[in-house]
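Report on the following structure.
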Amino acid sequence: MAENKATIKWKRTGEEFLKGKYSREHTWTFDGGITVAASSSPNVVPVPWSNPANVDPEEAFVASLSSCHMLTFLFFAAKQGFQLDSYEDEAVGLVTKNEKGAMWVSSVALNPKIVFSGTKMPTPEDEKKLHHLAHEQCFIANSVKTEVTVRSPHEPLGTGK
């Protein structure tokens with residue numbers, strides 16, 4: 001069992017809190033010591049009450065799914081003797097309304113671009129199996145009901161299964 005902690009801090013900086021005119025800027029501090037500037041998404045709360053330069057929870061959710069998938073993929077690729085030189089993902093999360101009308105991140109499409117090298121190169125089927133294993137074993141993907149798909153390099157961005 002592992003325990004993960006984050007400290008979230010926000011402080012009122014103006015006098016119009018009850019009118020909804022307050023900054024949504026806050027920080028996330030992680031146990032390793034790094035602090036990340038966070039805010040609500042400007043798609044949800046307009047500027048100046050949100051800061052588009054900061055990370056919003058929806059972006060962090062998409063990034064955590066992508067990061068977990070990548071780390072799990074790297075683990076299985078190394079175990080199977082496939083050497084990677086780089087892995088880049090332009091993950092896309094879609095926020096929609098659910099059956100109750102509440103907003104949620106309904107899907108995340110991972111769009112990895114992977115460069116392999118070495119004497120043992122994966123076939124397209126090997127790479128598909130690695131993605132399947134990574135998805136099955138990713139802690140974050142196993143923790144959510146959001147649909148997570150992996151796009152093959154031949155599909156347009158934002159699509160895939």
Side-chain angles (χ1 to χ4, degrees), residues 1-8 26-45 50-161:
M1 187 169 104
E3 186 175 76
N4 298 282
K5 295 182 180 181
T7 301
I8 313 305
H26 57 284
T27 59
W28 302 339
T29 303
F30 298 95
D31 58 2
I34 191 166
T35 298
V36 175
S39 177
S40 59
S41 168
N43 296 321
V44 177
V45 178
S50 65
N51 185 340
N54 293 4
V55 177
D56 66 61
E58 297 83 6
E59 290 172 319
F61 180 72
V62 170
S64 70
L65 280 165
S66 174
S67 180
C68 184
H69 183 89
M70 178 200 69
L71 292 168
T72 309
F73 184 95
L74 295 175
F75 171 78
F76 283 117
K79 245 183 131 160
Q80 293 182 22
F82 299 117
Q83 180 170 289
L84 272 77
D85 289 339
S86 65
Y87 183 114
E88 182 178 322
D89 184 9
E90 292 183 39
V92 179
L94 184 62
V95 176
T96 62
K97 287 187 179 181
N98 68 12
E99 63 280 353
K100 296 178 184 176
M103 301 300 284
W104 72 305
V105 181
S106 57
S107 66
V108 174
L110 306 180
N111 300 287
K113 294 179 183 91
I114 303 167
V115 177
F116 293 91
S117 66
T119 56
K120 184 178 179 184
M121 298 295 281
T123 65
E125 187 60 31
D126 290 331
E127 195 170 342
K128 185 177 180 178
K129 286 179 184 176
L130 286 168
H131 281 298
H132 182 75
L133 277 169
H135 182 69
E136 282 186 335
Q137 298 298 314
C138 169
F139 303 160
I140 306 299
N142 284 323
S143 302
V144 299
K145 65 179 185 176
T146 298
E147 179 185 8
V148 181
T149 59
V150 180
R151 181 192 68 82
S152 87
H154 307 290
E155 295 176 88
L157 285 180
T159 65
K161 286 284 176 201

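Here, residue 1 is the first one in the sequence, and each next residue gets the next number.
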Fill in the blank from the handout: Value for OG (Ser66) from CZ (Phe73), rounded to nearest 0.5 Å, stands at 12.0 Å
Handout entry: Atom pair CG (Asp89) and CD1 (Ile114), whose distance is rounded to the nearest 0.5 Å
Key = 8.5 Å
List the atom pairs, donor and acceptor, that lie under 3.5 Å between side-chain atoms in residues 128-137 and the rest of the protein, sequence neighbours left out.
| residue | atom | partner | partner atom | Å |
| --- | --- | --- | --- | --- |
| His131 | ND1 | His69 | NE2 | 2.9 |
| His132 | NE2 | Glu136 | OE2 | 3.0 |

Exercise for the section: Look up atom SG in Cys68 and atom CG in Asn142, then write down how far apart they are to the nearest 0.5 Å. Expected result: 8.0 Å
Problem - Exceeds 12 heavy-atom contacts within 6.0 angstrom, atom CZ of Phe30 - result: yes
Practice task
Only counting residues at least two apart or in another chain, list the ones meeting salt bridge (charged side-chain N to carboxylate O under 4.0 Å, His left out) with Glu3.
Solution key: Lys5
Which pairs of donor and acceptor atoms, one on a side chain in residues 116-125, lie under 3.5 Å apart (sequence neighbours left out)?
| residue | atom | partner | partner atom | Å |
| --- | --- | --- | --- | --- |
| Ser117 | OG | Gln83 | NE2 | 2.8 |
| Ser117 | OG | Asp85 | OD1 | 2.9 |
| Ser117 | OG | Asp85 | OD2 | 3.0 |
| Lys120 | NZ | Gln80 | O | 2.5 |
| Thr123 | OG1 | Glu125 | N | 3.4 |
| Thr123 | OG1 | Asp126 | N | 3.0 |
| Thr123 | OG1 | Asp126 | OD2 | 3.2 |

Problem - Leu94 side, atom CG; Trp104 side, atom CH2 - distance, nearest 0.5 Å - result: 10.0 Å
Problem - Ile8 CD1: over 12 foreign heavy atoms closer than 6.0 Å - result: yes
Exercise for the section: Indicate yes or no: at least one non-hydrogen side-chain atom of Val144 is less than 4.5 angstrom from one of Leu65. Expected result: yes
Exercise for the section: Hey, can you tell me if His26 and Trp28 have their rings parallel, tilted or perpendicular (30° and 60° cut-offs)? Expected result: tilted
Completion exercise
dist Ser41:OG -> Asp56:CG (nearest 0.5 Å) comes out at 4.5 Å
Practice task
Rounded to the nearest 0.5 Å, what's the gap from CG on Asn111 to NZ on Lys113? Could you check?
Solution key: 7.0 Å
